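One structure is given here, and the rest of the page talks about it.
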Amino acid sequence: MKTTILIAAIFFSGLTFAQEKKQDTLKTKSIEGVTLTKQVFKKQSDRFVYDVAASPVAKGNTTFDLLKQTPLLSTTDDKTLKIVGKNNALIYINGRKTNMDAESLTQFLKNTPAENIQKIEVITVPGSEYQVESSDGIINIILKKKMSDGTSGNMRMSNTQNKYNASNASFSVNYRKDKLGINANLSGGENINPQSYILRNGIGNVKNESVGNIDDPNKNLGGYLNIDYQLTEKSNLALSWNSWANKSYNSTIDLYNTLVQPDPDHKGQFLTSHTWTKNKEDARNYNNSVNLNYEIKLDSLGSKFNVNAAYLHYKRFQFSRNNTLNEGLTPIKTITQDIPQIINNFSGTVDYIQKFKNDFTVSIGGNFNTTKTDNDTKNFTYLFNDDGTPENVTPNPKPDFNHFIYDEKIYGAYLTFEKKFSDKFSGKVGARYEITNSLGTADSPTNEEAAQQHQSIKRNYNNLLPYLSLNYAINDKNNISYSFSSRMRRPSFWELNPVKNIITQDNYTQNNPFVKASSTYNQELTYMYKNSYFLILNHTYEKDQITQVPLQKTYMDKNNMERVRLAYIRTNFGDKQEMSAMLGVQKSLFKQYLTLNFNAGVQHNINNGMLDTDPTTGEVFDTYINNRKSTSLIITSNNTVRLDKKKTWFLGVNFFYVDKQQIELGVLKNLMSLDLSIKKNWNDWTFAVNVNDVLRTNVVEIEDYQANGNYNYIRNDQYRRNLTVSITYNFGNQKVKKVRDIESASDAIKNRTR
């Protein structure tokens with residue numbers, strides 16, 4: 001349901017050398033059987049590299065499953081991936097960011113087999129050449145290298161059971177012949193996302209409680225097509241197309257509401273009343289993007305010139321019917337909402353990389369984005385008498401229209417210098433300069449105040465964003481690095497659309513066209529020992545953070561009874577700091593029968609924000625203050641146990657624990673999950689069974705008490721305990737990959753369509 005309130009292996013290479021020199025048989029025997037162990041997890045300049053090419057962890061898994069088991073990565077909701085110390089993780093494939101909205105990307109990763117992955121790069125502090133925002137990190141998935149021409153592919157089918165049953169299937173194919181490379185994927189599935197809620201809030205003696213369920217049926221279909229052609233020995237031309245469609249019809253909210261309020265006729269006594277909220281929503285969205293790329297290599301050192309032009313088209317149609325009924329199911333109020341959104345983006349990037357013989361690299365480039373979002377919202381409110389008949393109101397229904405158009409242009413340029421001073425010391429310094437011009441216009445013909453019928457919100461700002469990265473290899477076993485980065489975080493397009501999403505009669509979310517960009521400053525210090533043990537210290541400071549703030553107030557209804565309204569307001573809310581220290585190990589033990597990936601550390605949050613007014617409507621609420629601090633323990637452990645000598649049976653044991661911590665909405669209570677899996681590899685087939693959240697402990701609870709007596713409580717169970725059975729088949733020449741890596745021009749827009 002789109003009205004959700006809240007939503008956080010060693011590669012073994014058996015390379016045997018056997019020199020057959022007749023004149024020295026003794027030396028031959030001494031060399032036979034020597035095994036070289038490949039470095040699996042290592043620090044390279046500005047990134048961590050996890051090599052999983054021949055690892056049993058990858059075979060038979062989905063890409064999402066593999067990412068969950070990658071060092072420094074984790075997920076608490078089985079939907080979004082997080083890098084240690086980062087707010088968000090952007091997904092790149094072969095250096096090119098996927099241009100899908102968040103929900104589509106999650107389904108795509110869960111439907112894509114992991115067999116073709118060579119390695120995973122985790123870039124915790126991206127350089128100036130990357131168009132990222134806030135404290136976002138990058139997960140770059142590198143496909144296996146090409147070894148020969150031919151065709152390869154895989155098919156995967158899975159079935160999942162939690163509260164409901166879900167099925168998914170995918171088909172991927174790669175083709176390479178001489179100068180032409182083609183790869184494609186088609187995937188889809190059906191599922192019902194179930195959730196249960198307990199919502200409690202109150203001011204003084206007035207208390208609300210809503211208890212019930214949300215069921216969100218989904219049908220997904222999507223994929224990609226990449227065509228890459230080698231024009232000459234030095235130049236390539238490529239065309240990439242991504243598409244994803246989601247249909248979510250008959251999504252329902254079914255909540256039983258209890259209101260306790262003072263009895264105006266009997267002092268000291270209270271009245272308890274009950275209502276039902278029964279909402280229904282039909283929604284569908286389409287995401288299509290195309291990118292044209294030209295690249296030419298300038299010399300043998302790796303210098304190159306790269307140009308991209310891209311177009312992104314996103315459409316979402318959403319119609320909901322929100323019904324409030326009395327305990328006898330007689331209608332009290334009905335609100336229908338039509339909330340379409342259309343996004344069009346044209347983008348271009350130019351990158352020039354010049355490498356010199358003395359290990360010195362200069363990179364310079366620029367980008368241009370122009371985006372237009374069209375949001376034509378229509379609301380109708382129907383009122384009913386006590387007997388369920390329509391209330392005599394003119395007009396009835398009451399209309400509320402708002403046509404919000406948002407135009408945005410971003411101009412960016414960057415310059416970076418990278419130098420390897422010696423085998424031990426290297427550094428990278430750069431800066432990005434961005435110019436943002438935006439204009440939001442809202443036409444509200446039904447607004448009673450003429451001044452509010454037409455609004456224009458214009459924002460123009462320039463930002464200089466520096467970057468620094470230093471890496472020092474003390475010796476073969478010890479490595480230390482430091483990074484600093486400054487970034488902006490622009491609001492997502494849906495956050496700017498001034499629409500109210502109604503949950504219950506007295507509970508709703510409100511978006512805000514006045515949200516401005518926030519600034520983020522990141523620092524990270526990393527120490528690694530033997531490419532297996534690491535310590536990461538991180539500090540993030542965010543100014544004018546964009547978040548959702550719960551505001552409450554009392555009001556008198558038409559019967560002169562006191563009630564409480566709770567609104568989740570999207571806005572800029574003060575400043576926030578996050579500090580973390582993480583110890584980790586990634587190592588194979590007991591002759592590689594056990595692959596251990598373990599992280600443990602602490603995170604310290606400092607919040608500083610205050611709000612009492614909805615910036616969109618001007619409505620004044622009770623003051624909400626969050627100036628609290630918290631220190632939390634975080635543990636993740638992902639382990640693979642080989643059960644036989646032939647490397648065909650594997651057991652997976654994964655666990656995470658996140659201690660309670662202070663967030664924007666209040667105190668998030670501790671979360672943890674134990675996941676188990678068993679896998680069998682048989683020739684080109686892989687059979688797997690996964691059980692997630694075995695102990696059923698991954699349930700979100702948030703509680704907040706204000707000094708003025710206001711309180712708010714949320715309990716959200718998304719039924720994350722589930723059983724998944726999957727079958728994967730690999731066919732053809734498994735050594736095929738794409739011709740080369742391509743980065744799209746519209747990458748920077750993708751994560752703002754969520």
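This structure is a prediction, so every number in the text was calculated from the model and none was measured. Below, all heavy atoms of this structure are taken into account, side chains as well, without hydrogens, waters or symmetry copies.
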Passes ring-ring contact (aromatic ring centres under 6.0 Å, His included), F380 versus F401? Steps please.
CA-CA 9 Å; F380 293 93; F401 299 159; 5.5 Å; yes

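- The CG atom of N710 sits 4.0 Å away from atom CD1 of I203, with the distance rounded to the nearest 0.5 Å.
- Looking at Y508 and N501, their side chains never bring a donor and an acceptor atom within 3.5 Å of each other.
- Rounded to the nearest 0.5 Å, atoms CD (Q161) and CZ (R721) are 12.0 Å apart.
- Looking at residues two or more places apart in sequence or on another chain, you find no side-chain hydrogen bond (donor to acceptor under 3.5 Å, both in side chains) involving N607.
- Residues Y256 and E327 bring a donor and an acceptor atom of their side chains to less than 3.5 Å of each other.
- Applying the side-chain contact (heavy atoms from CB on, under 4.5 Å) rule to Q337 yields the partners S320, N322, I335, I339, N379, I502; only residues at least two apart in sequence or on another chain are considered.
- Taken to the nearest 0.5 Å, the OG atom of S251 stands 9.5 Å off from the CD1 atom of I192.
- Residues T520 and T540 meet the side-chain proximity criterion, which asks for heavy atoms closer than 4.5 Å.
- Both the sub-6.0 Å distance and the 45° axial angle are satisfied by K247 relative to the ring of Y249.
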Scan the side chains in residues 382-390 for donor-acceptor partners under 3.5 Å anywhere in the protein, sequence neighbours excluded, and list what turns up.
{"from": "N385", "atom 1": "ND2", "to": "T389", "atom 2": "OG1", "distance (Å)": "3.0"}
{"from": "N385", "atom 1": "ND2", "to": "P390", "atom 2": "O", "distance (Å)": "3.3"}
{"from": "D387", "atom 1": "OD1", "to": "T389", "atom 2": "N", "distance (Å)": "3.1"}
{"from": "D387", "atom 1": "OD1", "to": "T389", "atom 2": "OG1", "distance (Å)": "2.7"}

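- Side chains of Q577 and H539: a donor on one and an acceptor on the other come within 3.5 Å.
- No side-chain donor from either of N326 and H274 sits under 3.5 Å from a side-chain acceptor of the other.
- Residues Y406 and E408 have side chains that bring a donor and an acceptor to within less than 3.5 angstrom of each other.
- Side-chain contact annotation: N511 with N497, donor-acceptor N/O pair under 3.5 Å absent.
- Here the straight-line distance linking atom OG1 of T636 with atom CG of L73 works out to 9.5 Å at 0.5 Å rounding.
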